[in-house]
**Student:** 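Mind having a look at this structure? Questions to follow.
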Amino acid sequence: MYDIIIVGAGTAGLTAAIYARRAEKSVLVLEQTTYGGQIINTLEIENYPGMYKVSGPEFSKALYDQAITLGAEVEFEKVISVRRDENLFLVGTEDDSYKARAVILATGAEYRKLGIPREEELTGRGVSYCATCDGSFYKDKEVMVNGGGNTALYDAEYLAGICKKVYLVHRRDQFRGDTSLVERIKKLPNVEIILGATVEELIPGEDGKLRAVKLKFLERPSTEVAVAGLFVAIGHIPSVGAFSDLVEQDESGYVIAEEDCRTSYEGVFVAGDVRRKDLRQLVTATADGAEAATSAVDFLNNL
Ligand code: NAP
């Protein structure tokens, strides 16, 4: 039996483990793949305050070692169910079942992919899902942003400050994101908006990096646009599989919780990208981990 079970050993989950252990609670972290979450795939982190240029694997390893050194236990098993049993939570994995008095969900979210050929092979070679992470690699180059939500709009605005030209491509004739933001973007001289278009094909150059994107239109022939980078911003898919019936979620599947990270289910907390929020970054993941652990400790101390 543990005080707290944390589902997910990404940045939010491991930070929660560190805070919970420092409050002397027993902690088990359950992770289905490897520790680190999304950031382990990032070559270089330049926007984590106080750690200029650290690699994703280095950052993740340091976080993992810190949690282990402080006494957190970690098991690499996939969680398939979380349910209440009298005063305890039963967390079922493919191989086992664990008990805890509180649970922190830190399962993250995945970028929604285009699902077209060459997408995987060109990821990191022109195709990116994070403008704030990778935008600076495209300084003074021509890039494309695909999507019509706030993320795509913010990405286009951010990239316009770095890149020579930004094509903003959306599949409908109206943006889903905020009108005021759309109006701001329309005024940027180096942003060209292309509506009613979807990404049909990714075309690599001889160097194996993205050279152009072929766009498909409903009422006119496809067009090839030469760009060095394609920023895909077509939404995220929150990883809520094992606990989708347990806690309240918004229409996109994100777990609803305020800054204290308490979910609609007493004793269940949420941290990181799976929580409904505006900014999904390393700093907000660590902030959530600290908040969720502090709320969970408070909950346990008041039982
Ligand atoms: P989103 O609002 O779900 O928008 C996703 C966009 O991608 C939509 O325009 C959608 O088109 C398009 N799309 C989806 N699948 C597609 C596909 N297969 N091919 C082409 N286009 C596709 O996602 P988001 O922009 O990541 O935002 C997520 C949430 O975070 C939103 O609530 C957003 O407001 C919020 N957010 C807020 C801020 C902020 O306020 N600072 C910043 C970023 C995000 P359709 O419109 O046709 O469906």
Side-chain angles (χ1 to χ4, degrees), residues 12 37-38 47 107-120 122-123 126-135 143-162 166-186 188 191-202 210 213-220 222-223 225 227 229-240 248-259 261 270-285 287-288:
Q38 282 181 45
N47 60 359
T107 45
E110 294 166 31
Y111 295 113
R112 181 177 285 124
K113 306 268 169 69
L114 291 164
I116 58 173
R118 296 209 173 99
E119 185 172 7
E120 208 165 310
L122 290 172
T123 297
V127 175
S128 168
Y129 301 87
C130 178
T132 40
C133 315
D134 298 334
V143 298
M144 183 180 287
V145 175
N146 183 212
N150 275 333
T151 302
L153 296 171
Y154 276 114
D155 283 359
E157 188 179 49
Y158 174 76
L159 291 166
I162 298 172
V166 180
Y167 296 93
L168 174 57
V169 175
H170 177 40
R171 65 180 174 184
R172 287 187 297 128
D173 61 358
Q174 276 199 324
F175 285 102
R176 178 178 291 276
D178 298 348
T179 315
S180 57
L181 191 50
V182 175
E183 291 311 311
R184 223 159 67 203
I185 285 165
K186 280 183 181 165
L188 295 172
V191 176
E192 182 177 332
I193 295 173
I194 303 176
L195 296 173
T198 51
V199 174
E200 183 177 30
E201 202 182 321
L202 303 169
L210 184 73
V213 170
K214 195 183 217 179
L215 294 179
K216 185 178 169 186
F217 296 86
L218 259 186
E219 284 158 8
R220 58 184 166 107
S222 300
T223 313
V225 183
V227 284
L230 170 67
F231 290 86
V232 181
I234 58 172
H236 294 82
I237 306 172
S239 310
V240 288
E248 205 182 325
Q249 295 141 57
D250 70 7
E251 64 285 356
S252 306
Y254 292 100
V255 178
I256 297 174
E258 296 304 323
E259 227 174 275
C261 296
V270 64
D273 285 2
V274 73
R275 182 168 81 88
R276 182 180 68 178
K277 55 176 162 175
D278 286 341
L279 185 64
R280 295 191 166 81
Q281 291 280 290
L282 214 47
V283 280
T284 60
D288 271 14

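One-based numbering, in listed order, for ligands and for the atoms of each.
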**Student:** For Gly272, does its backbone N or O pair with a side-chain atom of Asp288 as donor and acceptor, under 3.5 Å?
**Tutor:** yes

**Student:** Would you please name every residue forming a side-chain contact (heavy atoms from CB on, under 4.5 Å) with Leu188, sequence neighbours left out?
**Tutor:** Glu157, Ala160, Ile185, Asn190, Val191

**Student:** With sequence neighbours left out, write down each residue that passes side chain to side chain donor-acceptor pair (under 3.5 Å) with Glu110, or none if nothing qualifies.
**Tutor:** none

**Student:** Strictly below 4.0 Å, N to O, side chains only: are Glu201 and Lys214 in salt-bridge contact?
**Tutor:** yes

**Student:** With a 4.0 angstrom cut-off on heavy atoms, strictly below it, pick out the residues next to ligand 1 and order them by chain and number.
**Tutor:** Arg112, Gly148, Gly149, Asn150, Thr151, Tyr154, His170, Arg171, Arg172, Arg176, Ala233, Ile234, Gly235, His236, Asp278

**Student:** Can you name the residues that form a side chain to side chain donor-acceptor pair (under 3.5 Å) with Glu248, not counting sequence neighbours?
**Tutor:** none

**Student:** Check the angle between the aromatic planes of Tyr129 and Tyr111 and answer parallel, tilted or perpendicular using the 30° and 60° thresholds.
**Tutor:** parallel

